[in-house]
Amino acid sequence: MSEEKSLNFIEEIIEEHLKEGKYQSILTRFPPEPNGYLHIGHAKSICLNFGLGIEYNGKTNLRFDDTNPVTEDTEYVDSIKEDIQWLGFNWANEFYASDYFDTLYEYAVKLIKKGLAYVDDSSAEEIASQKGTPTQPGVRNKYADRTAEENLQLFADMKVGKYTDGEKVLRAKIDMADPNMHMRDPIIYRIKHAHHHRTGDKWCIYPMYDFAHGQSDSIENITHSICTLEFIPHRPLYDWCIEKLEIFPSKQYEFARLNLTYTVMSKRKLLQLVNENHVSGWDDPRMPTISGLRRRGYTPESIRDFCDRIGVAKRDNLIDVSLLEFCVREHLNKVALRRMVVFDPLKITITNYPETAEILTTDNNPEDPNGGVRDISFSKEILIEKDDFMENPPKKYFRLAPGQMVRLKSAYIIKCDEVIKDAAGNVTELKCTYIPESKSGSDTSGIHVKGTLHWVNAADAVKVEVREYDRLFKAEDISSEEGDFKDYINANSLNIVTGYAEPSILNANNENRFQFLRKGYYCLDKDSSKEKIIFNRTVTLKDTWAKEAKKA
RNA sequence: UGGCCUAUAGUAUAAUGGUAGUACGACAGAUUUUGGUUCUGUUUGUCUUGGUUCGAAUCCAGGUAGGCCAACCA
């Protein structure tokens with residue numbers, strides 16, 4: 001029964017560490033910067049980090065990497081926590097890099113005392129030009145020669161606010177000729193007279209990422225610090241700081257970040273879409289954000305399944321968004337309540353049906369044995385989808401056509417007798433007859449039809465607004481396209497239509513997931529109200545007929 | 001033109017020196033009161049050139065291709 005699942009390279013490393021006794025247990029962390037909302041790429045990292053903690057009986061901390069007060073905000077802290085919990089994960093501790101500002105300051109002092117850091121008065125431009133290029137070594141300036149005492153005093157003066165932003169920085173003294181640019185005396189502290197979302201105005205100097213992240217890992221005793229590939233060149237610096245500071249040796253491991261077709265996956269670009277009103281907000285259902293996917297109707301289960309299927313490796317990847325759609329369809333198929341909704345109605349009059357209505361029952365979910373049933377009303381006037389009728393059907397079209405029969409789902413078989421058209425020649429109504437012996441559940445007619453249609457009773461259909469979403473971008477791989485990413489925005493990514501739903505839709509709540517029969521999966525939008533019911537289309541059903549029709 | 005990382009089917013991901021497998025996609029068929037679901041089958045792959053070895057996707061060397069690195073961002 002237990003087909004052993006192969007390990008990804010990080011699991012292999014951890015199992016080796018556990019086996020050889022390097023660690024008794026593992027501790028990972030998820031370290032977002034609170035400067036934007038989490039997206040599906042973060043979900044990959046969350047599932048990896050928290051998943052490892054669960055898999056190996058370890059723990060995972062949530063640590064906000066809040067070392068840059070000018071871009072960070074508590075709004076983002078709150079959204080990040082909500083998204084992680086919604087995905088189904090619990091952190092052992094909620095920490096902030098800013099919790100460690102005092103310790104980090106002492107660490108910097110220690111480096112200065114060891115002669116491994118100095119205060120530099122150069123401008124940003126000077127520092128950049130002295131840094132050299134990847135092919136040319138950098139040069140050290142005169143400030144590198146300052147004594148430890150002088151540096152200590154200067155750094156203390158920086159801390160108490162004696163200087164303005166940019167006037168001085170603290171640099172690690174490593175090697176200006178290192179082929180790795182990050183080792184060319186990197187800046188580790190800068191002056192920012194800015195209000196911090198947690199420490200307020202206590203500090204006017206803030207550590208850089210490279211002087212905060214590894215040390216924070218070390219302070220928390222993180223065993224496996226997992227990040228994305230672009231941090232590989234930072235690893236020597238990560239190790240250098242830990243070694244010189246003589247603190248707990250956390251280790252960094254890097255995996256390839258997620259890229260998805262037809263979307264962008266950078267907080268900077270997503271922020272731009274929000275700020276420039278290309279979308280309604282971070283939680284716009286077209287956004288690849290966790291909050292957008294949630295509003296769209298994606299389930300945590302489906303996102304976790306997706307992260308599981310895409311795997312973890314070190315090569316760059318571009319995952320087809322159809323895999324994400326497959327995952328959500330697979331989950332929703334099992335849990336969604338079936339309902340009938342007609343989007344583009346065509347009236348049918350059943351000429352041999354009595355004037356009184358009849359109550360029929362139908363499954364809430366044929367995939368769920370405990371799903372139960374519901375009542376639906378049936379009468380001589382019903383609505384079907386315009387697409388479900390063709391006056392001159394092609395071969396293999398087994399919907400309604402003149403003289404052809406179809407089953408109305410959970411009701412009767414009907415036959416199309418007459419087509420009514422308006423002056424312009426548009427079909428406006430169909431006259432049909434029904435087969436009384438063909439009632440669902442007690443069919444004695446002996447008639448077999450190929451097609452089954454969804455329908456609603458014209459008399460009690462409920463009008464709803466349905467928001468249909470398409471991909472946000474027209475290009476599959478935006479990073480490979482010329483020009484600005486916004487040139488590839490799909491102008492038709494939102495299409496609002498009216499649907500005519502069976503009355504049971506009035507009982508819908510925000511937790512419900514629906515399958516509108518033969519159409520797709522839907523959920524109530526947060527904008528919905530009693531007066532105006534609004535649904536989001538999560539994803540369509542697979543439509544092999546549409547594919548077939550396209551071929552012809 | 002420096003350093004680092006990576007290269008297996010259309011897209012991902014396994015095979016840890018010994019039969020190249022899995023998922024999604026695509027295609028074909030069966031079932032179906034959702035042209036959904038389910039089931040069955042088919043299809044396509046080790047970047048390249050050498051070397052080591054009885055045996056190489058795997059180890060070594062050269063090439064090629066892609067990615068990352070020169071923010072007082074993370």
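Any value given below was found using the heavy atoms of this structure, including those in side chains, with hydrogens, waters and symmetry copies removed. Below, read A as the first sequence line, B as the second, and so on, with proteins coming before strands; counting in each chain starts at 1.
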Are OP1 or OP2 of B:rC73 and a side-chain N or O of A:Lys192 less than 4.0 angstrom apart? yes

Provide a list of protein-nucleic acid N or O atom pairs under 3.5 angstrom, restricted to nucleotides 36-45 of chain B.
residue	atom	partner	partner atom	Å
B:rG36	OP1	A:Thr544	OG1	3.0
B:rG36	N2	A:Glu367	OE2	2.7
B:rU37	O2'	A:Asn333	ND2	3.2
B:rU37	O2'	A:Glu367	OE1	3.4

Distance alone, cut at 3.5 Å: any donor-acceptor contact between the side chains of A:Asn141 and A:Gln130? yes

For nucleotides B:rA57 and B:rU52, find the distance between their P atoms and express it as a whole number of Å. 16 Å

Would you kindly give the CE-to-P distance between A:Met265 and B:rA74, to the nearest whole Å? 22 Å

By the definition side chain to side chain contact (heavy atoms under 4.5 Å, CB included), identify the one residue from A:Leu318, A:Ile40, A:Val312 that meets it with A:Leu258. A:Ile40

For the C1' atoms, the ones on B:rA61 and on B:rC24, what distance do you get once it is rounded to whole angstrom? 37 Å

Is the ring pair A:Tyr105/A:Tyr189 parallel, tilted or perpendicular, if the boundaries are 30 and 60 degrees? perpendicular

State whether A:Lys547 places a side-chain N or O below 4.0 Å from either non-bridging phosphate oxygen (OP1 or OP2) of B:rC27. yes

Residue whose closest nucleotide on RNA chain B lies nearer the 5' end, A:Thr67 versus A:His182: A:His182

For residues 158-167 of chain A, which side-chain donor-acceptor pairs fall under 3.5 Å, sequence neighbours excluded?
residue	atom	partner	partner atom	Å
A:Thr164	OG1	A:Glu167	OE1	2.9
A:Asp165	OD1	A:His193	N	2.9
A:Glu167	OE1	A:Thr164	N	2.8

Under 4.0 Å between a side-chain N/O of A:Arg257 and OP1 or OP2 of B:rA74, yes or no? no

Remember a base hit wins even if backbone is also touched, and classify A:Ile232 as base, sugar-phosphate or nothing at under 4.0 Å, heavy atoms. sugar-phosphate

Rounded to whole Å, please give me the gap between CG in A:Asp308 and C1' in B:rC24. 14 Å

Determine the contact category for A:Tyr206: base if any of its heavy atoms lies under 4.0 Å from a base atom, sugar-phosphate if only primed atoms, P, OP1 or OP2 are that close, otherwise nothing. nothing

I'd like to know if A:Asp185 pairs up with A:Arg140 as an ion pair, taking the criterion as any Lys NZ or Arg NE/NH1/NH2 lying under 4.0 Å from an Asp or Glu carboxylate oxygen. yes

Is A:Arg518 salt-bridged to A:Asp388, going by a charged N under 4.0 Å from an acidic O? yes

Base, sugar-phosphate, or nothing for A:Tyr209, non-hydrogen atoms under 4.0 angstrom? base

Using atom C1' of each nucleotide, how far apart are B:rA26 and B:rU34 to the nearest Å? 23 Å

For a quick check of understanding: with a heavy-atom distance under 4.0 Å over all strands, which category does A:Arg399 fall into, base, sugar-phosphate or nothing? base

Same-atom distance (P) from B:rU46 to B:rC27, integer angstrom: 24 Å

Considering only atom P, compute the distance from B:rA12 to B:rG25 and round it to an integer number of Å. 16 Å

With a 4.0 Å cut-off, would you call A:Arg235 and A:Glu254 a salt bridge? yes

C1' spacing across the pair B:rU13 / B:rU64, given as an integer number of angstrom: 24 Å

So, under a plain 3.5 Å distance rule, would you say the side chain of A:Arg518 forms a donor-acceptor pair with the base of B:rU34? no

Side chain of A:His234, base of B:rA74: donor and acceptor closer than 3.5 Å? yes

Charged N to carboxylate O under 4.0 angstrom, A:Lys547 versus A:Asp543? no

Under 4.0 angstrom, heavy atoms only, what part of the nucleic acid is A:Tyr189 near: base, sugar-phosphate, or nothing? nothing

Spacing of the C1' atoms in B:rU33 and B:rA28 (rounded, Å): 25 Å

Parallel, tilted or perpendicular: which one describes the rings of A:Tyr522 and A:Phe535, with boundaries at 30° and 60°? perpendicular

Just call it for A:Ser479: base, sugar-phosphate, or nothing, with non-hydrogen atoms closer than 4.0 Å on any strand. nothing

Less than 6.0 angstrom from the centroid, inside 45 degrees of the normal: does A:Arg339 satisfy that with respect to the ring of A:Phe514? no

Scan A:Gly441 against the nucleic acid and name what it touches under 4.0 Å (heavy atoms): base, sugar-phosphate only, or nothing. base

Which of A:Glu325, A:Arg329, A:Lys519 passes side chain to side chain contact (heavy atoms under 4.5 Å, CB included) with A:Thr540? Answer is A:Arg329

Result for 5'-nearest mapping on RNA chain B, choosing between A:Ile191 and A:Pro179, is A:Pro179

At under 4.0 Å between heavy atoms, how does the protein contact nucleotides 8-14 of chain B? Give one character per nucleotide, 5' to 3', with B, S or -. B--SSBS

Heavy atoms only, 4.0 Å cut-off, all strands: where does A:Thr261 land among base, sugar-phosphate and nothing? nothing

Which part of the nucleic acid, if any, lies within contact of A:Tyr397, taking any heavy atom under 4.0 Å across all strands shown: a base, the sugar-phosphate backbone alone, or nothing? base

